[in-house]
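Working notes, structure below.
As a basis for the values below, the full set of heavy atoms in this structure was taken, side chains included, without hydrogen atoms, waters or symmetry mates. Predicted model, so just to flag it, every value in this text is computed and none were measured. All residue numbers in this chain count up from 1 along the given sequence.
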Amino acid sequence: TGRGVRVAVVDSGIDTEHPDLKGKVKESVEAVAEDGRIEFRPSTSGDQAGHGTACAGIITSIVPDVDLYSVKVLGPKASGSGDMFLVGLDYAIKQKFRVINLSLGTTKRDFFAPLHDLLDRAYQAGCIVVSAANNLPYPSYPSIFSSSVVSVVKRAGGDPFNFGYRYGQVIELVAPGVEVKTTWPGGGYRQLTGNSFACPYVVGIIALLVEAYPNLTPLQVKSVLYTVAQRNREKA
């Protein structure tokens, strides 16, 4: 059920009052820019975009007892700056959250090096970072960093446990992300499509693995996912 596994959702916040999520979000923080610095404070603004709430609902559909942590870096319309993204990921790594859901990214080359450094730090800290591919046909960071991140692209329908693995491709993991029904702020639900919503399915599966085998390294997690995906393909 994911009990005891700490999962960070770096996104637009989470509606902590949604009936499906109530009591599951252990902490909500928000990036605030003040006097040229960005710091994190307890967040009370919820989720004006819906994106983070949708991802949280997908994660808890796989692991209902997981401990969610909301790291809000996106505002209304799921917009935000690259700097906010960097500090949000940095915060999640410093907190040593076991699994980090990144259903966001950037296409700006300026962020290649700092994101690469952060992902290396995450790897060394034992944080498993799962990143959604860009929905447009352009590379986005950090999803193309194959060594230190689990990258995910969407496919239509099906059982989330019947995921695929494309070894050698830029984006290796394939999971459901088309017309996915999930939680939406205000207690409702929506059907959503995008790589953003394939990512949290894989986060949920990783949380199950980590609950069963707490000492798995990020590299071992990738190896297990690859092995399961190979078995899925043989069964098909």
Item checked: V129 reachable from I93 in the ILVMFWY side-chain graph, under 4.5 Å edges -> yes

Nearest heavy-atom neighbours spanning [X] and [Y]:
X    : Y    : answer
T1   : L208 : N-CD2, 3.9 Å
N101 : P200 : OD1-CA, 3.2 Å
A92  : A8   : CB-CB, 4.3 Å
A78  : A49  : N-CB, 3.4 Å

Contact check, side chains of [X] and [Y], non-hydrogen atoms, under 4.5 Å:
X    : Y    : value
V152 : Y201 : no
R166 : V153 : yes
T106 : L115 : yes
D47  : I14  : no

Note to self: Under 6.0 Å between ring centres: does that hold for F111 and Y141?
What the structure shows: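 Centroid distance F111-Y141: not below 6.0 Å, so no.
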
Margin query: Run E179 and F197 through side-chain contact (heavy atoms from CB on, under 4.5 Å) and show every step you take.
Written below: CA-CA 9 Å; E179 294 185 1; F197 311 112; over 6 Å; no

Next item on the list: Could you give me the CA-CA distance, side-chain angles and deciding distance for T183 and D20, then say whether side chain to side chain donor-acceptor pair (under 3.5 Å) is met?
Entry: CA-CA 7 Å; T183 47; D20 287 7; over 6 Å; no

Next item on the list: Could you walk me through whether R121 and D117 pass salt bridge (charged side-chain N to carboxylate O under 4.0 Å, His left out), step by step?
Entry: CA-CA 6 Å; R121 270 187 36 217; D117 290 345; over 6 Å; no

Check: Parallel under 30°, tilted from 30 to 60°, perpendicular over 60°: which one fits the rings of Y91 and F97?
Finding: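 The arrangement is tilted - the two ring planes meet at 30° to 60°.
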
Item checked: Parallel, tilted or perpendicular, as decided by the 30° and 60° cut-offs, for the rings of Y165 and Y226 ->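 It falls in the perpendicular class, over 60°.
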
Next item on the list: Could you go through the side-chain contact (heavy atoms from CB on, under 4.5 Å) check for N215 and Q220 one step at a time?
Entry: CA-CA 9 Å; N215 296 321; Q220 287 172 321; over 6 Å; no

Notebook entry, point to check: Would T53 and H18 count as a side chain to side chain donor-acceptor pair (under 3.5 Å) if you check the C-alpha gap in whole Å, the side-chain angles of each, and the deciding distance to 0.1 Å?
Noted result: CA-CA 9 Å; T53 300; H18 194 289; over 6 Å; no

Next item on the list: Measure from the side-chain N and O atoms of R98 to the backbone N and O of P214, and report whether any donor-acceptor pair falls under 3.5 Å.
Entry: yes

Note to self: Taking CZ in F161 as the centre, count heavy atoms belonging to other residues, nucleotides or ligands within less than 6.0 Å. Is the count above 12?
What the structure shows: yes

